[in-house]
Amino acid sequence: MIPDRIQFYIGGAWTAPVSPARLSVENPATEQAIALIALGMDADIDAAVASARAAFPDWAATRPAERRAVLERVLEVTRARQADLARTITAEMGAPATMAFEEQAAVGVSHLEGFLAAFDEIPWQERLPNGTVIRREPIGVCGLITPWNWPINQIALKVLPAIATGCTCVLKPSELTPLSAMLYMEILDEAGVPAGVVNLVNGSGPVAGAALSRHPDVDMMSFTGSTRGGTAVSRDAAATVKRVTLELGGKSPNLVFADCGADLKARVAASAAECFLNSGQSCDAPTRMLVERSVYDTACEIAARVADETIVGDPTVEGDRMGPLVSAAQWSRVQGYIDGARTEGARLIAGGPGRPEGVNRGHFARPTVFADVTPDHTIWREEVFGPVLAITPFADEAEAVRLANDTDYGLAAYLQTGDPARAARVAAALRAGMVHVNGTPQSPGSPFGGYSMSGTGREGGLFGLEEYLEIKALHMPAGWN
Ligand code: NAD
């Protein structure tokens, strides 16, 4: 019997859905159903928004120190439940156990630490040199829509700043990963987040997500997902003039210069491994490797070896490995890109179509590398969202920058070089929201987000908190405040 998880978290209680629609949640490694959820409709969204609206005045009126205390308790409970979160993420989307614990679930803790560090820097009230008093106030009821690929990461980046700033919210997580989202509600509940401050309704994007985006009593929408979903949310939110922040896809370039010298092997190997992390299902994955021609053949060999040596298999086993793709639909989509790249003339140097040898169950794909990819190829332009690396040679720095910026996206960019002056020059020329030099990772509290079709917002730390605040200018007689 499949466990029944059909309730929604509304007003601080697990509540029966109005909607009769149901969906079974699949484990992508075993293709077994692991839970049954309800798919919310307009009436379910109405109930959750009403609960958030009712909770807003009291929560907005709390002192920052009270909200900080609640967040500190959330931090404690998240730490205590990190292993549960990791196991749930592995079961519902296939992230391998070690990575699920050390990265997928761990960011629930590190993002909160980043928000807490930034929290005390918010100038809730300040006076401009011209005498005007500026107040920062919570924007109101927020609609939060999240994807399946880093489920707790996206939820933490939205729910936590909403709580911190005095907003209330309704979360509609991905219908593919509802179980970690429901577990996160248990964490917030146990930590004492007051009833109605955070509410959850499961459901599909076009029904529950659209109902939330259109809802007249929602003041802001924060969306992470595909560009197609983001534009739909923007359209649905336009009639009621909501603030909309979007975190969308990417096709991030990784510029590898010959001046890496002795570090070349390590830098290329780490870059390829990062492309395959999470089975390639990361919005900021370095999927386009641009390599200086004099080291191009060597880089291709190293990347192909990393692909060949990547262990693909059961995600419940500890250690470095790659799990399945999230769903049968995602597997087919990735196969389509691999077939298309071969037809269009890219040179396959590792992996390829189908499941890895000996695997006959689960949505497992092969870590795949194409060399000689050009801007005419579909995998240059479109986000594959699978373990597929595209490699292209360049002649000089100017061509590298031109190729890197030849994309509709602008989320992340990566740079491998031994020359600090080049790093500064190239980083300034790249049109991307985040530039990583020589594998330097994102620190908690740094802004995450992109240029252009990659979105409109920044999440994490102080920048992420500001997204949830309204600015009020108070023009008062001198000496009053
Ligand atoms: P998706 O757009 O299909 O779904 C994301 C969420 O949006 C889900 O909850 C879905 O139900 C909902 N949704 C879909 N259509 C909707 C609509 N018309 N109205 C309202 N809600 C709708 O994306 P996905 O396949 O779940 O996630 C993968 C995508 O997310 C990739 O493109 C990836 O790059 C992107 N992503 C971006 C970031 C970032 O921070 N920039 C982070 C993670 C993922």
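Residue numbers run from 1 in the order of the sequence given. Quick caveat, the model's predicted, so the values are computed rather than measured.
In this structure, CE in M99 is found 4.0 Å from CG in L277, a value given to the nearest 0.5 Å. Taking NZ of K158 as the reference point, atom OG1 of T146 lies at 7.5 Å (rounded to 0.5 Å). Note that CD1 of I152 is 11.0 Å distant from CG of L157, once rounded to the nearest 0.5 Å. From L85, atom CG reaches atom OG of S180 across 7.0 Å, with rounding to the nearest 0.5 Å. Annotation: the span from E382 atom CD to T407 atom OG1 amounts to 11.0 Å, rounded to 0.5 Å. With values rounded to the nearest 0.5 angstrom, Q335 atom CD is found 8.0 Å from L325 atom CG.
Residues forming a salt bridge (Lys or Arg N to Asp or Glu O under 4.0 Å) with E137 (at least two apart in sequence, or on another chain): R135, K472. Under the salt bridge (Lys or Arg N to Asp or Glu O under 4.0 Å) criterion, D42 pairs with R214, sequence neighbours left out. With sequence neighbours excluded, the residues forming a salt bridge (Lys or Arg N to Asp or Glu O under 4.0 Å) with R53 are D217, D219, listed by chain and number.
Counted within 6.0 Å of CE on M453, heavy atoms from surrounding residues, nucleotides or ligands total 12 or fewer; the atom is thus considered open. Atom CZ of R431 is surrounded by 12 or fewer heavy atoms from other residues, nucleotides or ligands within 6.0 Å.
The two residues A208 and G203 have their closest heavy-atom pair at CB-CA, 3.9 Å. Closest approach of G249 to T227, counting heavy atoms only: N-OG1, 4.1 Å. Minimum interatomic distance between A164 and L71 (heavy atoms only, all atoms of both residues): CB-CD1, 3.5 Å. Nearest heavy-atom pair, R458 versus G449, reported as atom, atom and distance to 0.1 Å: NH1-C, 3.5 Å. In terms of heavy-atom proximity, F223 sits nearest to G225 at CE2-N, 3.4 Å. Nearest heavy atom pair, residue N360 against residue R355, reads O-NH1, 3.5 Å.
Counting only residues at least two apart or in different chains, side-chain hydrogen bond (donor to acceptor under 3.5 Å, both in side chains) contacts with residues 19-30 comprise E26-H363. Residues in residues 431-467 take part in these ring pair (Phe, Tyr, Trp, His ring centres under 6.0 Å) pairs, two or more places apart or across chains: Y414-H436. Among residues at least two apart or in separate chains, there is no ring pair (Phe, Tyr, Trp, His ring centres under 6.0 Å) pair with a member in residues 157-198.
A salt bridge links D120 with R68: at least one charged nitrogen is closer than 4.0 Å to a carboxylate oxygen. Under the 4.0 Å criterion applied to side-chain N and carboxylate O atoms, E190 and R73 are not assigned as salt-bridge partners. E113 has a carboxylate O that lies under 4.0 Å from a charged side-chain N of R79, or vice versa, which qualifies the two as a salt bridge. Ion pairing between a basic and an acidic side chain is recognised when a charged N comes within 4.0 Å of a carboxylate O; R87 and D84 show such pairing.
For the residue pair Q104 / N278, a side-chain donor-acceptor distance below 3.5 Å is found, with atom types taken as modelled. With 3.5 Å as the limit, one finds a donor-acceptor pair spanning the side chains of T245 and S222. E318 and T98 share a side-chain donor-acceptor pair at under 3.5 Å.
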For this session: Might you work through the side chain to side chain donor-acceptor pair (under 3.5 Å) test for D314 and T316, ending with a clear yes or no?
Result: CA-CA 6 Å; D314 182 355; T316 62; 2.8 Å; yes

For this session: Could you walk me through whether S271 and N254 pass side chain to side chain donor-acceptor pair (under 3.5 Å), step by step?
Result: CA-CA 8 Å; S271 299; N254 179 14; 3.0 Å; yes

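Not one N or O on the side chain of E92 forms a donor-acceptor pair closer than 3.5 Å with the backbone of I89. Without hydrogens or angle criteria, R243 side chain to L469 main chain gives a donor-acceptor distance under 3.5 Å. A distance-only check finds a donor-acceptor pair linking the side chain of K242 to the backbone of H215 [under 3.5 Å]. For the pair S279 (side chain) and P324 (backbone), a donor-acceptor distance under 3.5 Å is present. Checking side-chain atoms of T15 against main-chain N and O of A13 turns up a donor-acceptor pair under 3.5 Å. When atom types are taken as modelled, the side chain of N199 and the backbone of V170 share no donor-acceptor pair closer than 3.5 angstrom. Put simply, the side chain of S174 gets close to the backbone of L176: a donor and an acceptor are under 3.5 Å apart. Between the side chain of S234 and the main chain of G230, a donor-acceptor pair closer than 3.5 Å is present. Under the 3.5 Å distance criterion, the side-chain polar atoms of S226 are matched with a main-chain donor or acceptor of G229. Remark: the backbone N or O of V201 is not paired with any side-chain donor or acceptor of K172 at under 3.5 angstrom.
The closest side-chain heavy-atom distance from R288 to S252 is not below 4.5 Å. In this structure the side chain of L112 reaches within 4.5 angstrom of the side chain of V74, judged on heavy atoms.
A distance below 6.0 Å separates the ring centres of W148 and F385. Taking the six-membered ring wherever Trp is involved, the centroid distance between the rings of W14 and Y9 falls below 6.0 Å.
Each of E467, E466, E470, E126 was evaluated against R136; a single residue qualifies, E126, per the salt bridge (Lys or Arg N to Asp or Glu O under 4.0 Å) test.
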